[in-house]
Amino acid sequence: MADSRPLLLEVEHLCKWFPLKRTAGDVLQRKEKRYLKAVNDVSFQLFKGENLGLVGESGCGKSTLARTILRLYEPTSGTIRLNGTDISHMKGDALRRLRPQMQMIFQAPAASLDPRQSVGKSIEEVYVINTDYPAPVRREKTMELLERVGLKREHYYSYPHALSGGQKQRVGIARAIALDTRFVVLDESVSALDVSVQAQILQLLNELSREKHLTYFFITHDLGVVKHFCDRILVMYLGNVCELAESSVLFHKPLHPYTESLLAAVPRLKVGQEHSTEFVLEGDVPSAMTPPKGCPFHTRCSKCMEICTREKPPVVEQEPGHFVACHLYEKKKEETEA
């Protein structure tokens with residue numbers, strides 16, 4: 001049954017491959033050009049007002065996927081539609097006019113702030129570039145934004161070095177929502193903060209989502225945070241989609257062996273509660289420059305079958321709203337039909 005909610009973002013068969021530098025030996029031996037396949041045939045939909053989480057090990061392509069969707073990287077192939085408009089290869093003025101609708105909040109807010117510029121000027125710069133507001137209006141709007149994200153008007157004159165990590169992140173949030181923003185990418189935006197500050201920032205993000213009808217694409221490695229903040233969760237491995245489902249479903253009934261391994265690695269708070277060793281991952285993540293044939297996860301999967309070594313499984317809807325890319329479920333489906 002098709003979902004009737006309005007769509008904000010549609011990603012179809014998206015790839016982002018980075019060309020590798022060819023050596024003299026490669027040229028002499030006439031070797032084919034090689035690529036680092038950071039994002040490889042990713043498809044999903046994001047509904048308006050939804051919080052979609054993206055999880056996976058470091059280096060699996062999470063940030064590259066987000067930056068490609070925001071058109072900070074040019075896609076190698078595939079389609080990106082925002083509000084029904086194909087932005088896959090949009091350039092120039094058309095892309096600049098679209099920028100205010102999609103923003104990003106970074107993991108290290110200090111790195112995205114100019115240390116020589118006051119907090120107020122950093123936020124006000126958004127209005128200078130994108131609007132014709134006179135200086136007094138820009139300043140007042142900036143002051144109001146500071147108050148809305150939990151800072152004081154006096155912070156207008158402060159410099160980044162004088163702020164705490166949580167305060168810097170609030171400045172980053174203020175910059176992201178200053179204009180007519182609809183789609184916000186949160187790239188590990190609370191992972192560097194204390195737990196108590198994380199809770200405050202997440203509460204603020206939820207409030208802003210309701211007020212401004214924002215849609216979040218939440219990248220994280222913290223499964224505890226994503227469980228409570230996100231409506232659905234997308235699991236990636238080596239640039240590929242493994243599983244996509246509602247948060248509650250994914251945590252209670254994961255289908256992909258990789259998802260099971262991630263959940264098994266979550267620390268337990270109960271004294272004496274031991275970790276399951278059944279899904280402990282062994283070995284290292286293969287290189288995205290030379291990904292394995294067949295299923296990308298088969299080299300570390302305890303349930304690997306012969307077909308996994310030669311054929312990449314398609315992403316199929318195993319249950320309503322629950323998508324998985326695994327040959328195990330193709331086999332079960334065949335057995336059920338037989």
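Every value quoted in this text rests on a predicted model; they were computed, and no experiment measured them.
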Checklist line | Which atom of Pro160 lies closest to which atom of Gln117, heavy atoms considered | finding: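 So the two residues come closest at CD-O, 3.4 Å.
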Side chains of [X] and [Y]: is there a donor and an acceptor less than 3.5 Å apart?
X      : Y      : result
Asp86  : Ser88  : yes
Ser191 : Gln107 : yes
Gln103 : Thr181 : no

Using a 3.5 Å distance criterion without hydrogens, assess whether the side chain of [X] forms a donor-acceptor pair with backbone atoms of [Y].
X      : Y      : result
Lys16  : Glu74  : yes
Gln169 : Val190 : no
Thr142 : Arg138 : yes
His322 : Gln318 : no
Arg71  : Leu95  : no
Gln167 : Ser164 : yes
Glu317 : Val324 : no
Ser247 : Asp231 : no
Tyr216 : Leu205 : yes
His13  : Ser77  : no

Holding to side chain to side chain donor-acceptor pair (under 3.5 Å), I want the full list of residues that pass it with [X], two or more places apart in sequence or in another chain.
X      : result
His221 : Glu188
Arg67  : none
Glu144 : none
Tyr127 : none

Joint cluster assignment, [X] & [Y], ILVMFWY side-chain distance < 4.5 Å:
X      : Y      : value
Leu52  : Val315 : yes
Val128 : Tyr133 : no
Val184 : Ile80  : no

Straight-line distance of [X] [atom1] to [Y] [atom2], nearest 0.5 Å:
X      : Y      : atom1 : atom2 : result
Met90  : Thr85  : CE    : OG1   : 6.0 Å
Leu263 : His256 : CG    : NE2   : 12.5 Å
Leu328 : Ile307 : CG    : CD1   : 10.5 Å
Leu255 : Glu260 : CG    : CD    : 8.0 Å
Leu98  : Ile87  : CG    : CD1   : 5.5 Å
Leu8   : Leu46  : CG    : CG    : 5.5 Å

Check: Linking Ile, Leu, Val, Met, Phe, Trp and Tyr through side-chain heavy atoms less than 4.5 Å apart, which residues share a cluster with Ile129?
Finding: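 None; Ile129 is a cluster of one.
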Note to self: Between Glu125 and Lys121, does the side chain to side chain contact (heavy atoms under 4.5 Å, CB included) criterion hold? Intermediate values first, please.
What the structure shows: CA-CA 6 Å; Glu125 188 176 28; Lys121 292 298 182 183; over 6 Å; no
Is there a side-chain contact between [X] and [Y] (heavy atoms, below 4.5 Å)?
X      : Y      : answer
Leu14  : Ile69  : yes
Phe218 : Val225 : yes
Leu72  : Met104 : yes
Lys212 : Arg148 : no
Ile123 : Lys141 : no
Glu50  : Arg232 : yes
Cys15  : Asn40  : yes
Asn83  : Gln101 : yes

Check: By salt bridge (charged side-chain N to carboxylate O under 4.0 Å, His left out), which residues pair with Glu12, not counting sequence neighbours?
Finding: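 Result, salt bridge (charged side-chain N to carboxylate O under 4.0 Å, His left out) vs Glu12: Arg81.
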Checklist line | Pairing residues for Glu140 by the salt bridge (charged side-chain N to carboxylate O under 4.0 Å, His left out) criterion, not counting sequence neighbours | finding: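 With neighbours one apart ignored, the set is Arg153.
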Checklist line | Pairs touching residues 59-91 that satisfy ring-ring contact (aromatic ring centres under 6.0 Å, His included), sequence neighbours left out | finding: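 Listed once each, the pairs are Phe18-Tyr73.
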Note to self: By the ring-ring contact (aromatic ring centres under 6.0 Å, His included) test, which pairs, at least two apart or in different chains, include something from residues 159-201?
What the structure shows: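 Pairs touching residues 159-201 that pass the test: none.
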Considering residues at least two apart in sequence or located in another chain, which fulfil the ring pair (Phe, Tyr, Trp, His ring centres under 6.0 Å) criterion with [X]?
X      : answer
Phe251 : none
Phe44  : Phe217
Tyr258 : Tyr237, Phe297

Note to self: So, applying side-chain contact (heavy atoms from CB on, under 4.5 Å) with Pro257, which one of Cys326, Ser302, Cys242 is it?
What the structure shows: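 When side-chain contact (heavy atoms from CB on, under 4.5 Å) is applied between Pro257 and each of Cys326, Ser302, Cys242, only Cys326 qualifies.
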Next item on the list: Check Leu186, Asn206, Val149, Leu193 against Ile201 for a side-chain contact (heavy atoms from CB on, under 4.5 Å) and give me the one that passes.
Entry: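 Passing option: Leu193.
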Checklist line | More than 12 heavy atoms of other groups within 6.0 Å of Glu246 CD | finding: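 No, CD of Glu246 has 12 or fewer neighbouring heavy atoms, counting only those of other groups under 6.0 Å.
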Note to self: Would you say CZ of Arg310 has more than 12 non-hydrogen atoms from neighbouring residues, nucleotides or ligands within 6.0 angstrom?
What the structure shows: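 Result for CZ/Arg310: enclosed.
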